[in-house]
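This report concerns only the one structure given below.
Computed from heavy atoms alone, side chains included, the values below leave out hydrogens, waters and symmetry copies. All chains are named by letter (A, B, ...) in the order of the sequence lines, taking the proteins before the strands, and each is independently numbered beginning at 1.
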There are 2 protein chains.
Amino acid sequence: METLRERKKQRTRDALLRSALELFVAQGYEHTTVDEIAESVDVSQRTFFRYFAGKEEAAFFLPRLTEAYYVEALRRRPPEEAPLEALRAAVLDSFDSIEQAIERYVPLELHMRAYKVIEATPVLHAAHLGRQSETEEEITRIVAEREGVDPDTDPRPRLLVALFGAVIRVTERHWSVGDDFGVAAIRDLTVAYLDQVGPALLGNWRES
Amino acid sequence: METLRERKKQRTRDALLRSALELFVAQGYEHTTVDEIAESVDVSQRTFFRYFAGKEEAAFFLPRLTEAYYVEALRRRPPEEAPLEALRAAVLDSFDSIEQAIERYVPLELHMRAYKVIEATPVLHAAHLGRQSETEEEITRIVAEREGVDPDTDPRPRLLVALFGAVIRVTERHWSVGDDFGVAAIRDLTVAYLDQVGPALLGNWRES
DNA sequence: TGTCAAATGTCAGAGGCTGACACTAGCCTC
DNA sequence: GAGGCTAGTGTCAGCCTCTGACATTTGACA
């Protein structure tokens, strides 16, 4: 962000993002119109659409960021690690670095509240799943490369990533209905759920 | 469907459904307008929206049906079965009964092609994932009840169902990019992927 | 300072979807 | 079988998301 022009752009986008999230949190995603968001930042509706491809994109700007951090964390894991272990460690790693990244845009709590709006709004939740599904495709390629297998032939990378993603989503969902807005809460839940994968798949629950 | 009135309604809805799927398959979901669908059946746009809550709902009418069949098949599994085994057997069971159910509405091949459109259209795929996520909630309750555990306390039912759903989705995705439109192909793929869950979760792939 | 390009605004319009109201056509009773 | 009732349909007006086209403003930079 060198020139004045670029700084202005940045400020406009940040303001739009922040206003959008605040409005979503305050009055719900569906009850917030793009006109409202634009007006609250004093730009035209058209300008909003030049910064965000759609209303959804405003809601997903920060989730996108955190996913990028996760992918980055995964790329950094040592190649000797077993695949599942690398996926798990990357999640825990990324939790740390993400907080500051978020704060560059909005207060962490606003982000957390917005995240709960995503989980609670069916159309947003669906879009969220769709995006995650795309991310999983990227992660699949990373895992396959780590292990030196072909993801189009060997089903294991895609399957492992899908299974892992399922655990993450159950965790997010569980977190989203709770009252704890902190990152530590998600972290603990993630570990707890990952540890339950074995028992869940076990044949007989009634003997335990 | 006793009265003439009811028969007419049924015919209108069936015609709308069929026209919609045909248009989606022929020219793509996004390039098909509701006006087009309505016009091809010679009713007003408003009438379309009285039969389907939205354009999406037309695309998901049959997937909804097949999911209902799956849930029903699961309910019928003997209670002694281990949970994962019941989920697996229910999928295979339901494949049989679904074909005829579909044919009551449209030719099976049209349905299969429409299904590929869902998988290939991002906005539909996302909505599909959202709906599946809701179905998983229902399945979770069924599994929890079978096993006599509380799904709000014990993480295993929800986790198992999420993991199982992940395998199903990978299977669907794989099938959707292939050229085989038959049901047998999905069935075989399902079995193959389910058998890979263990190996995928296994620590080290390089030793095998 | 004047030129160029980037950013924004304005306008028109497509497409999804909804509420309100009028009208048409099966249904049911007498 | 005529007439009242009501479910189903059409019409219309309007909101909201999103896009293309064109005009206008405002930094950047020689």
Side-chain angles (χ1 to χ4, degrees), chain A residues 1-17 19-21 23-24 26-61 117-118 121-128 130-131, chain B residues 1-17 19-21 23-24 26-61 117-118 121-128 130-131:
Chain A
M1 62 199 91
E2 264 301 316
T3 72
L4 167 60
R5 201 179 251 171
E6 276 168 336
R7 265 175 288 140
K8 266 194 163 181
K9 254 177 76 176
Q10 193 99 358
R11 250 182 287 148
T12 305
R13 197 202 48 187
D14 291 358
L16 281 171
L17 174 61
S19 265
L21 297 188
L23 287 167
F24 294 162
Q27 54 190 27
Y29 174 76
E30 319 224 63
H31 293 84
T32 303
T33 68
V34 173
D35 287 293
E36 256 178 306
I37 302 169
E39 196 178 354
S40 77
V41 179
D42 215 66
V43 297
S44 71
Q45 188 215 51
R46 196 66 181 84
T47 293
F48 173 90
F49 283 112
R50 282 198 251 260
Y51 282 99
F52 300 98
K55 207 170 85 170
E56 272 183 18
E57 286 310 300
F60 288 130
F61 183 85
V117 172
I118 292 176
T121 308
V123 53
L124 280 185
H125 183 236
H128 186 48
R131 291 181 337 89
Chain B
M1 61 201 90
E2 264 302 315
T3 72
L4 166 60
R5 204 180 247 168
E6 275 167 337
R7 264 177 288 139
K8 267 194 163 180
K9 254 176 75 175
Q10 192 99 357
R11 250 183 287 148
T12 305
R13 198 202 47 186
D14 290 357
L16 281 171
L17 174 61
S19 265
L21 296 189
L23 287 167
F24 294 163
Q27 53 190 19
Y29 175 76
E30 320 222 62
H31 293 85
T32 303
T33 67
V34 173
D35 288 291
E36 256 178 305
I37 302 170
E39 197 178 353
S40 77
V41 180
D42 214 67
V43 297
S44 70
Q45 188 214 51
R46 196 64 182 84
T47 293
F48 174 90
F49 283 113
R50 284 196 250 260
Y51 282 99
F52 300 98
K55 207 169 83 170
E56 273 183 16
E57 286 309 301
F60 289 129
F61 184 85
V117 172
I118 292 175
T121 309
V123 53
L124 280 185
H125 183 235
H128 186 48
R131 290 181 338 89

Is the shortest side-chain N/O distance from [X] to OP1 or OP2 of [N] below 4.0 Å?
{"X": "B:Lys55", "N": "C:dG15", "value": "no"}
{"X": "A:Thr12", "N": "C:dT8", "value": "yes"}
{"X": "B:Lys9", "N": "D:dA7", "value": "no"}
{"X": "A:Thr47", "N": "C:dG9", "value": "yes"}
{"X": "B:Thr3", "N": "C:dG26", "value": "no"}
{"X": "A:Lys8", "N": "D:dG27", "value": "yes"}

Candidate nucleotides D:dG10, C:dG16, C:dT10, ranked by approach to the side chain of B:Ser44 - the nearest: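 Looking only at heavy atoms from C-beta outward on B:Ser44, the closest nucleotide is D:dG10.
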task: With the side chain of A:Arg50 defined as its heavy atoms from C-beta on, choose the nearest nucleotide among C:dC17, C:dT10, D:dT11.
output: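 My answer, after comparing the listed nucleotides, is C:dT10.
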message: To the nearest 0.5 Å, what is the distance between OG1 on B:Thr32 and NZ on B:Lys55?
response: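 Here the rounded value is 6.0 Å.
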message: For the NE2 atom of B:His31 and the OG1 atom of B:Thr121, what is their distance to the nearest 0.5 Å?
response: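 Going from NE2 on B:His31 over to OG1 on B:Thr121, the span is 10.5 Å.
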How many Å lie between [atom1] on [X] and [atom2] on [N], as a whole number?
{"X": "B:Asp42", "N": "D:dT9", "atom1": "CG", "atom2": "C1'", "answer": "12 Å"}
{"X": "B:Arg13", "N": "D:dA7", "atom1": "CZ", "atom2": "P", "answer": "19 Å"}
{"X": "A:Phe24", "N": "D:dT17", "atom1": "CZ", "atom2": "C1'", "answer": "12 Å"}
{"X": "A:Leu23", "N": "D:dT17", "atom1": "CG", "atom2": "P", "answer": "12 Å"}
{"X": "B:Tyr29", "N": "C:dG15", "atom1": "OH", "atom2": "C1'", "answer": "11 Å"}
{"X": "A:Glu30", "N": "C:dG16", "atom1": "CD", "atom2": "C1'", "answer": "14 Å"}
{"X": "A:Glu6", "N": "C:dT8", "atom1": "CD", "atom2": "C1'", "answer": "17 Å"}
{"X": "A:Glu36", "N": "D:dT17", "atom1": "CD", "atom2": "C1'", "answer": "14 Å"}

query: Any N or O donor-acceptor pair linking the side chain of A:Arg46 to the base of D:dG20 at under 3.5 Å?
result: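 Answer is yes: a donor-acceptor pair is held.
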query: Between the base of C:dG26 and the side chain of B:Arg7, is there a donor-acceptor distance below 3.5 Å?
result: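 Answer is no: no donor-acceptor pair is held.
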task: Would you kindly compare A:Phe48 and A:Leu4 by the position of their nearest DNA chain D nucleotide and give the one closer to the 5′ end?
output: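 So the residue in question is A:Phe48.
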message: Could you go through A:Leu21 and A:Phe61, starting from their C-alpha distance and side-chain angles, then the distance that decides it, and tell me whether this counts as side-chain contact (heavy atoms from CB on, under 4.5 Å)?
response: CA-CA 10 Å; A:Leu21 297 188; A:Phe61 183 85; over 6 Å; no
task: Compare all side-chain heavy atoms of B:Val41 with those of B:Phe48 and state whether any distance is below 4.5 angstrom.
output: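 No, too far: nothing below the 4.5 Å cut-off.
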task: Select from B:Arg5 and B:Phe52 the residue whose nearest nucleotide in DNA chain C is closer to the 5' end of that strand.
output: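 Nearer the 5' end of the strand: B:Phe52.
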field: A:Tyr29 and A:Phe24 aromatic ring geometry - parallel, tilted or perpendicular at 30°/60° bounds
entry: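 Perpendicular, since the angle between the ring planes exceeds 60°.
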task: Look at all strands and tell whether A:Tyr51 reaches a base, only sugar-phosphate, or nothing, counting heavy atoms closer than 4.0 Å.
output: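 Sugar-phosphate, no base atom in range.
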query: Are the side chain of A:Ser19 and the backbone of A:Leu16 linked by a donor-acceptor contact shorter than 3.5 Å?
result: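 A pair under 3.5 Å: no.
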